[in-house]
Amino acid sequence: MAVVAAGALVLAGCTSDPETTEDTTSAPAADETGDDTGEETGGDDGSATSDAAGGETGAEGDTAKADLGDVTPKDDVVTFSSGAEEYNAYNGVTADTNSTYNSVVNNQLFSGFWYWGTDGTIYPNEWFGSYEKTSDDPLTVEYTISDEAVWSDGTPVTANDYLLDWVSTNPESMGGAEALGFNPVGTTAQYVTEAPETEPGSKTFTVTYPEPYPDWELLISSALPSHVAAEQAGLEPDALAQAILDGDAETVATVAEFWNTGWLFPDYQISDESLVPSSGPYTLEGSTWESGQSLGLVPNESFFGPAPATANLTFRFVAPEAQVQALQNGDINVIEPQATVDTVTQLEGMSDTIGILKGDEMTWEHLDFNHGTGVFSNDEGGLAAREAFALCVPRQQIVQNLIQPINPEAEVLNLREKFNFMPDYQEVVDAAYDGRYDTADIEASKAKLEEAGLTAPVEVRIAYSAPNQRRTDQVAAIKSSCDEAGFNITDAADPKMFEPGGPLDTGDYEVALFAWAGSGQIASGAGIYQTDGPQNYGKYSNEEVDAAWDTLAASTDPAVHLEQTKIIEKLLWDDLFGIPVFAHPGVVGYDNTLENVRHNSTQTGVSWNAEQWVRAN
Amino acid sequence: MLQFIVRRIAISSVVLLMGSALMFFATINSGDPLADLRESNAENRDQLIAARRANMNLDQPWWQRYLTWLVGASKCLVLSCDLGTTRNGANVNTMIVNAAGASLRLVTLSVILAIVIGIALGVLSAIRQYSGFDYSITFLAFLFFSLPVFWAAVLLKDFGAIRFNNWIADPALSTTAMAVVALVFALLVASVLGGDIRRQALTFLVTGAAVFGAVFAFDQVGWWRRPALGLPLILVGALLALAFFLTLTVGLSQRKIVVAGLVTVAAGLVAYFVTAPIMADPSGWLVILGLLAATVVVSGAIGWFFGGFERKLSMFVTIGTGVAFGFLVFMDRLLRNWGAFLEIKPRPISTIGSGIPQFDDTFWAEIFDWGVQLILPTMVLTLVSIAGYSRYTRASMLETINQDYIRTARSKGLSDRVVYSKHALRNALIPITTIVAFDFASLLGGAVITETIFGWKGLGAVFRDGLNTVDPAPVMGYYLVAGGAAVIMNMLADIAYAFLDPRIRR
């Protein structure tokens, strides 16, 4: 008794003053939206959205940004992480700074003429301006910037900015990199050899391409503020523009140093906010940046487009291995983790507060034959041997076992230049491929191998860049199937796969297993499939394919592109250039109180519409 | 002595210098700095490669690149370091300063805790050799020592952050949970205090009942969301501290010192009320430090006044008690602000980072802001290093206890308390000094995994990123700090050794 009494006495004063309110809002139970938003997966459009009703985000299957109407930024914070690497450059188009961790932030600071939809469709930003192809020969495009478009410091967005954008890619007509000294990642000047036609300070400019270029639309979208660069070099903004128009390389070169280095943040802080105005929904002016931790953007008060839905967008620099738990604890609200079965299981385990979006990425896995040397070259086994291999590769089983656990809607990929989620995919497949290699057929494969005149077991090395667990699993699946057909598959994983002197370079393989990241470009495949193309590692050669690519690249007409793509795909299937397997799966995890979180298959990733994310009330 | 120190510094500098050359050579040969560009499909690839070659001086021979770095780094001697830039132009100086700051914050507390707890456990398990307590500590030490850090960290985040945050939103403990807590405490206390079976059983029952009662009371009054210590608990704590310091020194034999201690507690009581308005919202750490200084002066004076012929010991006891009292008052204030902090941050413990960006609130809320973020990583680092300390201390203590002079002391009729605290402990601690010094240095640079998982950008991350990109500048910056810390700490240990053991000085 004495102990109890003494204890009671001792504990008597042990609580602090009552809280002002009993705080229950923090309980994670407030989820009326519940499970129905939890596990939505993308349909054929490759997108998935966090909005259960779908009404606000527009019609089902829409791959563009939703029209949210008149938005007032909600006083709230939404947090996103793209990885542990820290933002370090306002100018993300120099060779040194062109990276995802810069572009996720910069996408919110600059607006441009267009953006990527969820399936890789190009959508114009009508509030920013407009562009129109006015001639095909020579290809001429006229751009008009909206009169409303201004930088956050009040200076209008004008053709001056696009002149600097063009000249920063070191056009040869002005002496190239040696005379100008910019350090760009862009290559606009290779296609647009002369400066855009315009007046300094004008809202319109005209771009002329001496050669037809199918991907002209991608070259020009957003630009850096030329008035800042000019002032830093001691020039009048219009004087810089005039110098570019006049081809005055000496004057232009004075801007290069600032362009290369002045818009970088080597100390991970913004020393002078007047150098970094914004033309996008958010701005760095007034932002909070804690080095190594986070960068919080604030709304751009003079933004002329649709206002951001949430007032503070914070980027946190968090390593991938810590992201899932951080999401669960509410430290980050949206993540796009590595799409593995483990991650998906982990996310699904907390589905009462966490929503999951699954979809395809524009990166696709493929098996490429070595046409130059070895059993699959035309000198040895030839087409029959390639067919034998294609017949024993269990594509369906690979997708079922390795990809569907992550994205249940994943399908075998049957094309190289189009993805399953694109609207014209089926049309091209119908024209190019009859489905004969969908599932493994061991007997047919044996017969083909005999026809090829090869004696079993046929040694086949499948080379890929190690370490990669998923590819190891794929090779194991292929081995168990193809060894029955008379092949002897060897796992030839090599960390030096892509290096000079590595297997791909020396041709020391029979089959290469790797992925191409789709850029959304129409003509970029030429380098892979044309004779002696820079990425044609397997030394494939077919005159008809070469000709079809030439026709495609010489045209700017989408109908011609589609028609030639059908021809190319058919030839590549008939010749068995290689075997496409699947599009990489993508996973997004998000706090399910957020609206408008949508998966995007392009390289922009889930933050493509971050300015629309907002917490439901 | 001076000559000894100078000689140590000279030798250490040579070691650092040679190490830096080796490190530099190893780093630039650890891979291909152009690997990512070689795989690139960019149309201006050759230009990019040329730019990087120029940036990183790849065309120079390795010794020339090393000398360039060395010249910059040697400016540190005149306090204007130039550690160069990373390959994409980031300033290594700022990087290292930021990272070292983060690492220090992360490591300091855990090192101190690990030393205190580890040594205490080691001493206790040596004294109670082959008891249940000893076996449990040994078992746990091995368990923690072999814990994979990333796994422990992930588990801690799950229980310590995510589940704790869920729980704190509406905290309530089940009777079973309370019983388990009480049981653990009871077992612990009973096995530490020892004695015969009857005495142990009694300790077990009393402790169990007391802890269960306390937890039950906490739960009933909603302590988890609005905690405080309150004056009674502060007094109990202060008296316990007094008892601890008395045990370490003279026990109850010296009335004067006991009285001095009690007077200190009484003075603390008065000060508690006097300083209450200041402590409600102090303007900064200077105020706290000022109060600490005042505490030391006043309690020292009490010790001096009452001490009689044992002034030194008396002052030690009173200052210790006074500081402990002050600490409890501080903690009481801090706890009282927990509710307010929960209002600002309903899920108090984040799994990543070092606090809310640009947090600006009361003094106490700010302490919580960074304080709670230290809890989990500190626990991980502490658990891992406690194991080592407790084992070393136990071994060293056992060795000392079995020395002849301890037997002599015992046969003179000295009590256990005096034998252990005055004769054994000090001698047992000498070898620990070296381990502590070295451990601090290695933790500073070696907490790579902990840093990554808890989202801190510390030295470990700088080192790892630098190595991954085959970029010598950040790696060498890391080397300078980690290597420098290792050398300095070892030197301090050597000097401390020399003070403790005159034989080494020659």
Side-chain angles (χ1 to χ4, degrees), chain A residues 3-4 7-21 23-28 84-86 88 95-97 177 183-185 187 190 261 264-268 288-294 296 314 316-319 321-322 325-326 328-332 498-500 527 534-535, chain B residues 32 35 38-39 41-44 47-48 51 85 88-91 94 98 102 154 157-158 161-162 165-166 169-170 206 209-210 213-214 217-218 221-223 225-233 236 335-336 338-339 342-343 346-347 350-354 357-358 452-457 461:
Chain A
V3 174
V4 175
L9 191 67
V10 163
L11 296 174
C14 75
T15 51
S16 47
D17 301 331
E19 293 158 60
T20 45
T21 52
D23 180 28
T24 52
T25 50
S26 62
E85 290 88 357
E86 190 158 1
N88 68 5
D96 295 332
T97 58
N183 179 26
V185 74
T187 52
Q190 278 185 20
T261 59
L264 316 188
F265 309 116
D267 294 335
Y268 300 107
T288 50
W289 188 350
E290 295 235 326
S291 181
Q293 297 281 321
S294 63
T314 298
R316 292 205 73 151
F317 314 119
V318 178
E321 48 269 50
Q325 281 187 315
Q328 189 178 11
N329 198 32
D331 308 323
I332 311 179
F498 298 101
E499 282 177 30
Q535 286 123 30
Chain B
D32 177 7
R38 291 196 211 280
E39 279 180 40
N41 284 335
E43 295 181 40
N44 59 343
Q47 191 196 336
L48 299 185
T85 56
N88 48 21
N91 187 341
T94 359
N98 287 343
V154 166
K157 281 208 266 186
D158 195 45
I162 298 170
N165 288 341
N166 290 346
D170 184 17
V206 171
F218 281 158
V221 297
W223 197 83
R225 286 191 67 86
R226 41 196 193 96
L229 291 179
L231 201 49
L233 266 187
V236 170
L335 286 174
R336 281 174 195 278
W338 173 243
L342 282 180
E343 298 276 301
R347 292 181 72 82
S350 301
T351 58
I352 44 161
S354 54
Q358 307 287 318
T452 315
I453 296 190
F454 287 103
W456 288 63
K457 258 234 160 33

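Labels below follow one simple rule: chain letters A, B, ... track the order of the sequence lines, proteins then strands, and each chain is numbered from 1. Since this is a predicted model, take the numbers as computed values, not measurements.
Both the backbone and the side chain of A/Gln328 come within contact range of chain B, with heavy atoms under 4.5 Å apart. Both the backbone and the side chain of A/Asp267 have a heavy atom closer than 4.5 Å to some heavy atom of chain B. Of the atoms belonging to A/Tyr268, it is side-chain heavy atoms, and not backbone ones, that fall under 4.5 Å from chain B.
Between the CG atom in A/Asn329 and the CG atom in B/Asp158 there is a gap of 9.5 Å [rounded to 0.5 Å]. Expressed to the nearest 0.5 Å, how far CG of A/Leu264 lies from OG1 of B/Thr85 amounts to 11.0 Å.
Options B/Asn91, B/Asn98, B/Thr94, B/Ile352 differ in how many heavy-atom pairs under 4.5 Å they form with chain A, and the most are formed by B/Ile352. Chosen from B/Ala461, B/Ala161, B/Ser350, the residue pairing most often with chain A at heavy-atom distances under 4.5 Å is B/Ser350. Between chain B and the residues A/Glu85, A/Gln325, A/Arg316, the largest count of heavy-atom pairs under 4.5 Å involves A/Gln325.
When the options A/Gln293, A/Glu290, A/Glu86 are evaluated for a side-chain contact (heavy atoms from CB on, under 4.5 Å) with B/Lys457, the one that passes is A/Glu86.
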